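Step one of this worksheet: look at the structure below.
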Amino acid sequence: MTKIDLTKLLQKYKSGWVALSSDYKRVVASAKNFSELQDKLKNRSNVVVIQAFENYYNFVS
Amino acid sequence: MRYPYFLVPGQPRNASTPFIKVIYKHATKRTTPMLALVDSGAQVSFAPLDLALWLGVRVDTKKYLDIRGFNNAQSRVTENLKSIKFGLRLKMKERSIQEVMESEEAIEQIEELIKKIQNAK
């Protein structure tokens, strides 16, 4: 099954939130909190948001 | 229906993570698509607090739920978010079909389960 590798894109973001392009190839924006990220995105489409962690082991959502 | 798995920091390269795109909705606000973890064994779904606050969910810190996990580890969470919208995009040959499901029925079932757990205490 296809795996999408986000490790290089996300490795420098240890906390906060990150918006990725919908093809998962680049970071569009990042912010410390969700509200700040939404302000940066301003209803932009074709993005996917993910919480940023140094380590996603034991991630729960 | 097939969804890709993801490789993320901190995970071994042979252990990928099942994320799907979801949209959180509350009143008139909705988020951009977000990646959330699929956990078919979970009885409760979680969302980050700052997300709930952005949506305008009234967080009642007096109403909480003790979540019990592996090795009897316990975490305390507040129960507030009412609905999550799962967006699915299906590709059949050369056509794209977009199907959106409201999961409010599932949320109601979860809320009933939470009430039962609290009443049992």
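Here the structure is a predicted model, which is why all the values come from computation and not from measurement. First the proteins, then the strands, lettered A, B, ... as listed; each starts at 1.
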From B:Leu55 CG over to A:Gln38 CD, what is the distance, rounded to the nearest 0.5 angstrom? 8.5 Å
Working to the nearest 0.5 Å, report the span between CG of A:Leu37 and OG1 of B:Thr31. 10.5 Å
Heavy-atom side-chain proximity of A:Val48 to B:Met34 below 4.5 angstrom: no
A:Ile4 and B:Pro4 have their tightest heavy-atom pair at CD1-CG, 3.6 Å
Given side chains that start at C-beta, do those of A:Leu10 and B:Val8 come closer than 4.5 Å, heavy atoms only? yes
For residues B:Thr32 and A:Arg44, report the shortest heavy-atom separation together with the two atoms involved. CG2-O, 3.8 Å
A:Tyr24 versus chain B, heavy atoms under 4.5 Å apart: side chain, backbone, both or neither? side chain
Distance from B:Leu7 atom CG to A:Leu9 atom CG, nearest 0.5 Å? 12.0 Å
Separation between CD (A:Gln51) and CG (B:Leu35), nearest 0.5 Å, reads 11.0 Å
Is the closest side-chain heavy-atom distance between B:Trp54 and A:Asn33 below 4.5 Å? no
Do other residues, nucleotides or ligands put more than 12 heavy atoms under 6.0 Å from A:Lys12 NZ? no
One should read off an interatomic distance between A:Leu6 CG and B:Ser16 OG, to the nearest 0.5 angstrom, of 11.0 Å
Aromatic contact, B:Phe6 with A:Tyr56 (centres under 6.0 Å): no
Distance-only polar pair, side chains of B:Asp50 and A:Trp17, donor-acceptor under 3.5 Å: yes
I'd like to know whether NZ of A:Lys32 has more than 12 heavy-atom contacts from other residues, nucleotides or ligands below 6.0 angstrom. no
